[in-house]
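Just so it is clear: chains get the letters A, B, ... in the order the sequence lines come, proteins before strands, and each one is counted from 1.
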4 protein chains.
Amino acid sequence: MDEVRRPGRPRDAARDEAILDATREVLLRDGYAGLSMEKVAATARVGKPTIYRRWSSKATLVGDAVLHSFLTAVPGIRLPGQHITDGPAQQLTAWFRAYAEWVGDPRHAAMILALTAAAAESPHDAESLYRHHTRAQHEALVSCLRAGVTSGEFRADADLEAVADALIGSVLYQLLTRTSSASPHRTEHLLDVLLAGLRTTDR
Amino acid sequence: MDEVRRPGRPRDAARDEAILDATREVLLRDGYAGLSMEKVAATARVGKPTIYRRWSSKATLVGDAVLHSFLTAVPGIRLPGQHITDGPAQQLTAWFRAYAEWVGDPRHAAMILALTAAAAESPHDAESLYRHHTRAQHEALVSCLRAGVTSGEFRADADLEAVADALIGSVLYQLLTRTSSASPHRTEHLLDVLLAGLRTTDR
Amino acid sequence: MDEVRRPGRPRDAARDEAILDATREVLLRDGYAGLSMEKVAATARVGKPTIYRRWSSKATLVGDAVLHSFLTAVPGIRLPGQHITDGPAQQLTAWFRAYAEWVGDPRHAAMILALTAAAAESPHDAESLYRHHTRAQHEALVSCLRAGVTSGEFRADADLEAVADALIGSVLYQLLTRTSSASPHRTEHLLDVLLAGLRTTDR
Amino acid sequence: MDEVRRPGRPRDAARDEAILDATREVLLRDGYAGLSMEKVAATARVGKPTIYRRWSSKATLVGDAVLHSFLTAVPGIRLPGQHITDGPAQQLTAWFRAYAEWVGDPRHAAMILALTAAAAESPHDAESLYRHHTRAQHEALVSCLRAGVTSGEFRADADLEAVADALIGSVLYQLLTRTSSASPHRTEHLLDVLLAGLRTTDR
DNA sequence: GAGTAACCGAGACGGTACGTCATGTCTTTAG
DNA sequence: CTAAAGACATGACGTACCGTCTCGGTTACTC
């Protein structure tokens, strides 16, 4: 299980962090369009080859920068609910509130937009890029919904993937059309309708 | 209401079409990232100043190219239903099917992605850009939903904007994560759930 | 005989001069090794593509810069003697003195060294480069020597090309080994020996 | 007289040879311009620091590589003639023939050009570099000429240094202008003229 | 019908950034 | 302390586009 020691000077892990930090900083300041590898290198006080050694393109770099932003800044978002006392509906609501709040921060909204830009810009790696970086959320949502189906609270014939798509997609659409930020109560209203539609009619 | 006649040679309207066609062609071939004004000019057999005289940036050019693609290629999408015989639910279903089918064409999917890229790339003009170009769809959806509320078929307390956001957003999310295309039946399933949630409980 | 007018904006001849001037300036300051296209561009206040549009490499740029230095700065060197009263020997002496004096200026010495570096650096274009830029001198020397043969002053069996090679080559060798500059009297002494060797023995 | 034993692992003398060999190999293949420390290191299967530990720059490395080429490949060139039976004129002729023949080999011509490039590239170390590596030849020539003066065969007032400069310089000039190689008979013709010019008039 | 003013294509211009390569130094493990 | 390997900051490479400009030439109104 030991890592194989390659010859030569090992990569400095501190550079990775510096580069990702710089990427986020530039992203916030100038947006995805205004982000250049040169700026990132200068901000991180790092040579360009040091960046290219780790990330082959602007898109993959931004992808990782955003992913780290997800993981480090909002770990709570990863597991929508750990208390068994909460039912799926409450869990979904809790998650959605946390997500909306997280996205409410313009700095986090900028991360989502950057990721979206990276994916939409080059359709061929869109899937690998966008999916990979939102998969955690999507899977958490689906498993939560599935728990609701198992418990009999939700309809068994509902397409859970489609519901998860709609939850994440609606926030994305709001970010794109109402830059300021997605309104928390709007997302909550959507959840109302969706939950109503999901519940088993004979209860 | 007459247009003010400026002196000098008037602009050649045929160039507009040639440029927009070229833009779509390049967009399909190389994606938004691979689109350069230079390529568009070469493809349209037009000088660069001829483009800049009409569009000030890549984003606005792409915006118009996509909008024309919407308007000319799928006019049916604009008005979800003009036959009063159809109820709101049927109208929504019809519109959603048409939309999903339209987006199913990779060429049209590329247009949506390009528009998304343009908007996500520079947050400050995201709103003006993206909203402007998807507003028609969004408004049609909302007015259709509102008709359902008026007729008593849909709950009065539902946030119709949120529902419209979710419908459009879910397609967008699918485009970003499953490049091939959005699956038509998935969107249909989502509609099922949403309609169920929208319907007045005491029916 | 009219020049064909190509379409598009014509090149600005003033840039050529600015670039060549900058090249010479950098050459003097930093030598051939220290000359980079980037420095030349910055010094000439010109974009890099403007240079590459005209010269494909550092070597050809330096070649032209040195050639212009020859032509503009020391036109007298081109025609070794225009007074018919002077015999070939006097003409050679006059030319050699002028040449040695010209090369005595460190700025001109730097030009010759730069040209030499450009040629020696890449053997395949050495010939086209070096020969082209020193040909004028070489031809003038040979024709002068040939006049001496015709007039009977010089031996008919002498290899005039070899003599011209030696005259130019000796200055070059001195530049390379005694950087400060070639000593004028040394070249004059060489001329003494060569003239003595060239003269017809029975005079 | 014992070498001082320094602590630690001693340098491997075999590396020196490997590096110099690699330098010559790259020089032949790509010329001085195309030679990089990286290529040399790779060709010699040696780390870059191993090179920098021994030679501080590309120029000094090339200098030594060429010098070794001189010493090992054509030892005969070092001493123009050790048989007292030959007069200075014959010795000069013999040396010149050997030199011209040696230079006739394109591999050796490349060495001279590389040395020239190294010197011409940075005027400040031109002297130390070029002079050091051609000094042996130059001194041999001068001492040979001086013997001729002592014996009364050559004029006492001739500038022997200038003559030596011309001999070496003419070969250099030919290499620069006629890449293929210097023509042996041309150098021989030059020697004819020079010897004629050197000889005491009253013979 | 002559001006004139804006159009058109082509392409040069000063720039910025690209992604790659080489420089010379530093840091690691191994000998 | 040396050696090989390779990461590092730096900086130049030659190319692609940017958006502006300057050409010769065209087209359609205005006088």
Discussion item. At 4.0 Å (heavy atoms only), tell me whether A:R53 reaches a base, stays on the sugar-phosphate, or touches nothing.
Written reply: base

Worksheet item: Just checking, is any N or O donor in the side chain of C:S122 or C:D125 under 3.5 Å from an acceptor N or O on the other one?
Response: yes

Discussion item. Taking B:I112's backbone N and O only, do any of them form a donor-acceptor pair with B:T116's side chain (distance below 3.5 Å, no angle check)?
Written reply: yes

Worksheet item: Which sits closer to the 5' end of DNA chain E, D:L35 or A:K58, going by the nucleotide each is nearest to?
Response: A:K58

Worksheet item: For the side chain of A:S36, counting heavy atoms from C-beta on, which of E:dG11, F:dA3, E:dC18 is nearest?
Response: E:dC18

Item to complete: Take the protein atom CD1 of A:I19 and the nucleotide atom C1' of F:dC8, then report the distance between them rounded to whole Å.
Response: 11 Å

Discussion item. Let me spell it out: for each of C:S57 and A:D12, pick the nucleotide of DNA chain F with the closest heavy atom. Which residue's pick is nearer the 5' end?
Written reply: A:D12

Discussion item. By the 4.0 Å heavy-atom rule, please label D:G47 as base, sugar-phosphate, or nothing.
Written reply: sugar-phosphate

Response to the item:
Of A:S56 and C:A44, the one whose closest nucleotide on DNA chain E sits nearer the 5' end is C:A44

Practice prompt. Calculate the interatomic distance between B:I51 atom CD1 and E:dG9 atom P; express it in whole Å.
Written response: 9 Å

Worksheet, complete the sentence: Which of E:dG15, E:dT23, F:dT15 is nearest the side chain of C:Y52? It is F:dT15

Practice prompt. Report the residues that fulfil side chain to side chain donor-acceptor pair (under 3.5 Å) with D:S57, sequence neighbours left out, ordered by chain and then residue number.
Written response: D:T60

Worksheet item: For the base of F:dC23, is there a side-chain donor-acceptor partner from C:R9 under 3.5 Å away?
Response: no

Worksheet entry | Spacing between B:R54 atom CZ and E:dA6 atom C1', to the nearest angstrom | 12 Å

Worksheet item: Are D:T43 and D:R29 close enough that some pair of their side-chain heavy atoms sits under 4.5 Å apart?
Response: yes

Fill in: Spacing between D:D30 atom CG and E:dC21 atom C1', to the nearest angstrom
14 Å

Worksheet item: Hey, does the side chain of C:T50 come within less than 4.0 Å of E:dA12's phosphate (OP1/OP2), counting only N and O?
Response: no

Worksheet item: Picking from E:dA12, E:dA10, E:dC7, which would you name as closest to the side chain of C:P7?
Response: E:dA10

Worksheet item: For E:dG14, does OP1 or OP2 lie under 4.0 Å from any side-chain N or O of C:R15?
Response: yes

Worksheet entry | Euclidean distance, atom CD of residue A:E38 to atom C1' of F:dT10 [Å, nearest integer] | 12 Å

Discussion item. Using side chain to side chain contact (heavy atoms under 4.5 Å, CB included), reason through B:L113 and B:L176 one step at a time and then give a plain yes or no.
Written reply: CA-CA 8 Å; B:L113 282 179; B:L176 284 169; 3.7 Å; yes

Practice prompt. Go through F:dA3, E:dT28, F:dG19 for me and flag the one nearest to the B:M37 side chain.
Written response: F:dG19

Worksheet item: For A:R45 and D:V46, take the nucleotide of DNA chain F holding the closest heavy atom to each; which residue's nucleotide lies nearer the 5' end?
Response: D:V46

Discussion item. Checking contacts here: which listed nucleotide (E:dA17, F:dA7, F:dG19) is nearest the side-chain heavy atoms of D:K48?
Written reply: F:dA7

Worksheet item: CG of C:L61 versus P of F:dC13: gap in Å, rounded?
Response: 11 Å

